[in-house]
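Worksheet: the structure to be examined is printed underneath.
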Amino acid sequence: MTSWDPAALECLAAIVEEGGFERAAQKLHITQSAVSQRLRALEMQVGSVLVQRTRPAKATSAGRLLLKHAKQLRLLRADVARELQELAPQTGQSLAGETISIAINADSIATWAMTALDALVKDGLPLEVLVDDQDFTQELLRSGQVMGCVTTLKQALRGCTVRPLGAMRYVAVAATAFAQDKLPQGLTRKNFNTLPFLSFNRKDDMQAEFVARSLGLKNVSLRHQILLPSCEAQVRAVRAGWGVAVLPQLLVQPDLDSGALVEVAPGHALAIALFWHCWNLESRVLSHVSDALLDSARTLLVQP
């Protein structure tokens with residue numbers, strides 16, 4: 001069985017995570033020459049280039065496989081450190097340096113996921129949360145960049161497990177004055193393409209999907225979109241009268257209750273099912289993360 005040098009694997013991980021050799025050296029507290037030497041030795045052992053020397057540096061296909069292995073070793077070390085801390089608190093064992101990386105969509109971060117992670121972080125978990133659209137977080141898991149992800153995709157990746165979290169309920173909202181001026185009859189087939197819609201980024205098709213379902217249309221293409229990659233910023237923009245947004249009801253309910261916002265398609269909501277995917281490993285740390293997310297989701301998301 002081939003044995004990979006843990007120091008070289010950490011070097012590979014640092015280069016990819018930090019985006020280059022210089023910052024990897026700073027993170028590992030070694031020279032940039034030492035970083036290059038460790039990576040070169042690992043590439044010679046593998047017989048393949050592991051890092052694309054671009055800006056930022058990116059892992060090759062072979063590099064992604066070893067990156068996943070490096071993160072699995074981190075997880076195992078984190079498990080050992082936690083167990084040693086429980087057995088002998090006086091030893092001062094900690095999880096410092098064993099970053100636990102997960103991917104969560106921005107809407108979940110803005111609503112229910114922070115509640116789940118609160119106790120874990122306060123207990124000393126060195127967490128890294130990567131954010132992407134809920135349809136794309138699984139790619140971060142596939143590439144080995146994270147140990148688990150919240151996604152809309154139900155099919156488990158090879159070597160991973162999947163568990164349903166529940167559904168996020170989305171509603172279409174606008175500022176009260178904007179709605180009275182631009183949508184006196186609400187959202188209709190005649191007016192939807194005259195309205196500005198706020199979207200998270202170019203990959204975000206939530207607004208088009210909501211319009212299509214609520215109005216019984218197919219292949220909706222919105223003409224005027226404002227791209228704003230923050231759920232909280234979208235809420236502020238909608239309050240300011242920038243346009244219409246399709247946002248989690250959990251996030252906008254206080255503004256609906258106060259009258260600052262109104263639903264422009266009352267009676268219509270889009271329920272997006274979410275799933276938690278993670279590596280299929282016996283790990284107490286990963287189990288704690290999974291359980292915390294599942295417990296919070298059961299409380300705050302719509303359950304089947």
Side-chain angles (χ1 to χ4, degrees), residues 1-79 97-106 126-153 155-162 201-203 229 275-281 283 285-286 289:
M1 178 183 291
T2 302
S3 178
W4 312 109
D5 178 10
L9 290 172
E10 272 303 310
C11 198
L12 168 65
I15 292 169
V16 175
E17 291 170 347
E18 299 299 321
F21 288 70
E22 182 178 354
R23 293 187 61 180
Q26 294 172 355
K27 178 181 180 180
L28 297 174
H29 305 291
I30 59 177
T31 66
Q32 189 170 336
S33 175
V35 170
S36 298
Q37 289 173 14
R38 291 182 187 180
L39 178 65
R40 191 178 304 115
L42 189 59
E43 289 180 326
M44 290 180 64
Q45 184 182 9
V46 175
S48 176
V49 174
L50 300 176
V51 172
Q52 298 175 18
R53 272 66 167 178
T54 55
R55 293 189 178 182
K58 296 180 180 179
T60 63
S61 297
R64 287 193 293 270
L65 286 175
L66 287 184
L67 177 63
K68 181 177 180 180
H69 182 52
K71 287 181 175 283
Q72 289 174 337
L73 289 177
R74 280 184 187 174
L75 192 59
L76 294 174
R77 290 196 299 268
D79 281 336
E98 310 299 349
T99 305
I100 307 303
S101 302
I102 61 176
I104 303 179
N105 61 306
L127 188 67
E128 177 187 28
V129 179
L130 303 184
V131 178
D132 203 341
D133 185 88
Q134 58 262 25
D135 294 340
F136 298 91
T137 49
Q138 197 180 51
E139 287 306 311
L140 296 171
L141 181 63
R142 188 192 307 274
S143 65
Q145 295 181 62
V146 298
M147 304 169 187
C149 70
V150 174
T151 178
T152 55
L153 303 179
Q155 185 65 39
L157 296 176
R158 185 174 62 182
C160 297
T161 61
V162 57
N201 56 30
R202 295 184 186 278
K203 297 185 289 186
F275 301 87
W276 168 246
H277 297 247
C278 67
W279 293 342
N280 187 18
L281 293 176
S283 164
V285 171
L286 191 54
V289 174

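- Atom SG of Cys11 and atom CZ of Phe21 lie 7.5 Å apart (nearest 0.5 Å).
- Between Leu67 and Ser143, the closest heavy-atom pair is CD2-O, 4.3 Å.
- One distance of note links OG of Ser61 with CD of Gln52; it measures 8.5 Å at 0.5 Å rounding.
- Heavy-atom minimum distance, His277 versus Leu153: NE2-O, 2.6 Å.
- With sequence neighbours excluded, no residue satisfies salt bridge (charged side-chain N to carboxylate O under 4.0 Å, His left out) with Arg64.
- Contact record, Arg38 with Ala7: NH1-CB, 4.0 Å, taken as the closest heavy-atom pair.
- Asn280 pairs by the side-chain contact (heavy atoms from CB on, under 4.5 Å) definition with Thr161, not counting sequence neighbours.
- Lys27 and Ala14 make their closest contact through CD-CB, 4.3 Å (heavy atoms, listed as atom of the first residue, atom of the second, distance).
- Of all the heavy atoms in Ala57 and Val51, the pair that sits closest is CB-CG1, 3.8 Å.
- Between the Glu10 side chain and the Arg74 main chain, no donor and acceptor come within less than 3.5 Å of each other.
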Legend entry - Chi angles and distances behind the side chain to side chain contact (heavy atoms under 4.5 Å, CB included) call for Ile104, Thr137: CA-CA 7 Å; Ile104 303 179; Thr137 49; over 6 Å; no
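- Partners of Lys71 under the salt bridge (charged side-chain N to carboxylate O under 4.0 Å, His left out) rule, at least two apart in sequence or in another chain, are Glu17.
- Note that the CG atom of Leu157 and the SG atom of Cys278 stand 11.0 Å from one another [nearest 0.5 Å].
- Counting heavy atoms of neighbouring residues, nucleotides and ligands inside a 6.0 Å radius, atom NZ of Lys58 does not exceed 12 of them.
- Under the salt bridge (charged side-chain N to carboxylate O under 4.0 Å, His left out) criterion, Arg142 pairs with Glu139, not counting sequence neighbours.
- By the side-chain contact (heavy atoms from CB on, under 4.5 Å) test, Val146 is found to be paired with Ser101, Ala103, Leu130, Leu140, Leu141, residues two or more places apart in sequence or in another chain being considered.
- Gln72 pairs by the side-chain contact (heavy atoms from CB on, under 4.5 Å) definition with Lys68, His69, Trp279, Leu281, not counting sequence neighbours.
- For residues 39-51, the salt bridge (charged side-chain N to carboxylate O under 4.0 Å, His left out) pairs, not counting sequence neighbours, are Glu43-Arg53.
- The distance from the CG atom of Leu12 to the CG atom of Asp5 is 11.5 Å, given to the nearest 0.5 Å.
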Inset, instruction - Please lay out, stage by stage, how Thr151 and Asn105 fare under the test side chain to side chain contact (heavy atoms under 4.5 Å, CB included). - result: CA-CA 7 Å; Thr151 178; Asn105 61 306; over 6 Å; no
Legend entry - Evaluation steps, side chain to side chain contact (heavy atoms under 4.5 Å, CB included), between Leu42 and Trp4: CA-CA 8 Å; Leu42 189 59; Trp4 312 109; 4.0 Å; yes
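- Residues passing the side-chain contact (heavy atoms from CB on, under 4.5 Å) test with Ala34 are Ile30, Thr31, sequence neighbours excluded.
- Remark: Gln37 engages Ser33 in a side-chain hydrogen bond (donor to acceptor under 3.5 Å, both in side chains) (not counting sequence neighbours).
- Residues passing the salt bridge (charged side-chain N to carboxylate O under 4.0 Å, His left out) test with Glu128, sequence neighbours excluded: none.
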